[in-house]
Amino acid sequence: MLCYSLSGFGETTSMRVGDSYRIIVPDIITYGNFNSEYHSYQFTWSGIDAVFFDVQYSVSHSSTDAIGNNVANITLKQPFEGKKTIQCVAKYILNNYQQSRTYTYEITCSPVDIALYPTVMSLDMGQSQTLQWQFNPSNTQYGATVMFSSSDISVADVDFNGKITARGAGTTTITATTNYFTTATCQVTVNPMLATSINLNQSAMNLTVGSSQKLTATVLPAGASDKSPGRAVTRVWQGL
């Protein structure tokens, strides 16, 4: 999209990491025939942040009137949010006469979306499963990266490869965040580990009148989180 104005023109483009964009600042139109007089062009650039852009300047023509660089080849190194504005002030100089025009370029950073598979997951305590993900466009073309996080690590945690490990009963949200500030989520439900049996420290007990002895019950498996009545198998002992 090109927008022309008296002060020059503004141009808007969208880039992803690895994309290159070529900006050409038009020469200021000369007025009359100045072959016998000294005149020149100067180009002053601003707003090109070296953190985000690699820039190479070059002169677009062979005219000896060109002073400075009126062509910029810009490559995006890393993504950013919103827009960045680049300007070039082109100055025409004829003896003591000067005329300037400002050319404005707005660059937006196009997002790289991410999709997670599956988006809903059910695990038993202690189980693990690795998420699959896909970038749009592809990671190799645009240099996208992803980081994972869990809203409740006591329920399930996730490593840098997207491997989810169930830790405790409940629900948590796993979020994948790209370096383009886009996200995708997977809801993980961890099922409680049920008690399957009860062990007593003694299978038989001989007591005399007035004596006592402690009986200890152990719920299995040891990590069972649901010990509610009816979940466990009850063992019966008989005191004689």
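In this chain, numbering begins with 1 at the start of the sequence shown.
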With a 4.5 Å cut-off on side-chain heavy atoms, are [Y] and [X] touching?
X      : Y      : value
Phe43  : Tyr57  : no
Tyr105 : Ile48  : no
Leu131 : Pro118 : yes
Ile153 : Arg167 : no
Leu76  : Tyr21  : no
Thr104 : Thr85  : yes
Ile23  : Tyr103 : no

Item checked: Step-by-step side chain to side chain contact (heavy atoms under 4.5 Å, CB included) determination, Asp113 to Phe135 -> CA-CA 6 Å; Asp113 294 323; Phe135 293 113; over 6 Å; no
Measure the spacing between [atom1] of [X] and [atom2] of [Y] and express it to the nearest 0.5 Å.
X      : Y      : atom1 : atom2 : result
Ser14  : Asp19  : OG    : CG    : 8.0 Å
Met121 : Thr172 : CE    : OG1   : 11.5 Å
Lys83  : Ile107 : NZ    : CD1   : 11.5 Å
Thr102 : Lys91  : OG1   : NZ    : 10.5 Å

Using a 3.5 Å distance criterion without hydrogens, assess whether the side chain of [X] forms a donor-acceptor pair with backbone atoms of [Y].
X      : Y      : result
Ser151 : Thr173 : yes
Arg16  : Cys109 : no
Asp159 : Asn161 : yes
Asn179 : Thr145 : yes
Asn70  : Val25  : yes
Ser150 : Ala156 : yes
Thr182 : Val112 : yes
Tyr180 : Ile114 : no

Can you name the closest pair of heavy atoms from [X] and [Y] and give their distance?
X      : Y      : result
Ala169 : Asn191 : CB-C, 4.5 Å
Phe148 : Ala176 : CE2-CB, 3.7 Å
Ala115 : Ala184 : CA-CB, 4.5 Å
Ile74  : Met15  : O-CE, 3.7 Å
Thr171 : Val155 : N-CG1, 3.8 Å
Gly47  : Ile86  : O-CG1, 3.8 Å

Next item on the list: Verify side chain to side chain contact (heavy atoms under 4.5 Å, CB included) between Ile24 and Arg22, making sure each step is shown before the conclusion.
Entry: CA-CA 7 Å; Ile24 301 177; Arg22 182 177 174 88; 3.8 Å; yes
Checklist line | Phe80 and Phe52 aromatic ring geometry - parallel, tilted or perpendicular at 30°/60° bounds | finding: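 Plane angle over 60°, so perpendicular.
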Next item on the list: Indicate whether the side chain of Thr175 and that of Thr185 have a donor and an acceptor atom separated by less than 3.5 Å.
Entry: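 Per modelled atom types, Thr175 and Thr185 side chains form no pair under 3.5 Å.
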Margin query: Can you confirm whether more than 12 heavy atoms, excluding those of Gln56, are under 6.0 Å from its CD atom?
Written below: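 Result for CD/Gln56: open.
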Notebook entry, point to check: Are Thr177 and Thr183 close enough, and set up right, to give a side chain to side chain donor-acceptor pair (under 3.5 Å), and what steps lead you there?
Noted result: CA-CA 5 Å; Thr177 304; Thr183 61; 5.8 Å; no
Shared hydrophobic cluster for [X] and [Y] (ILVMFWY, side-chain gaps under 4.5 Å):
X      : Y      : result
Val158 : Val120 : no
Trp133 : Leu123 : yes
Ile164 : Phe160 : no

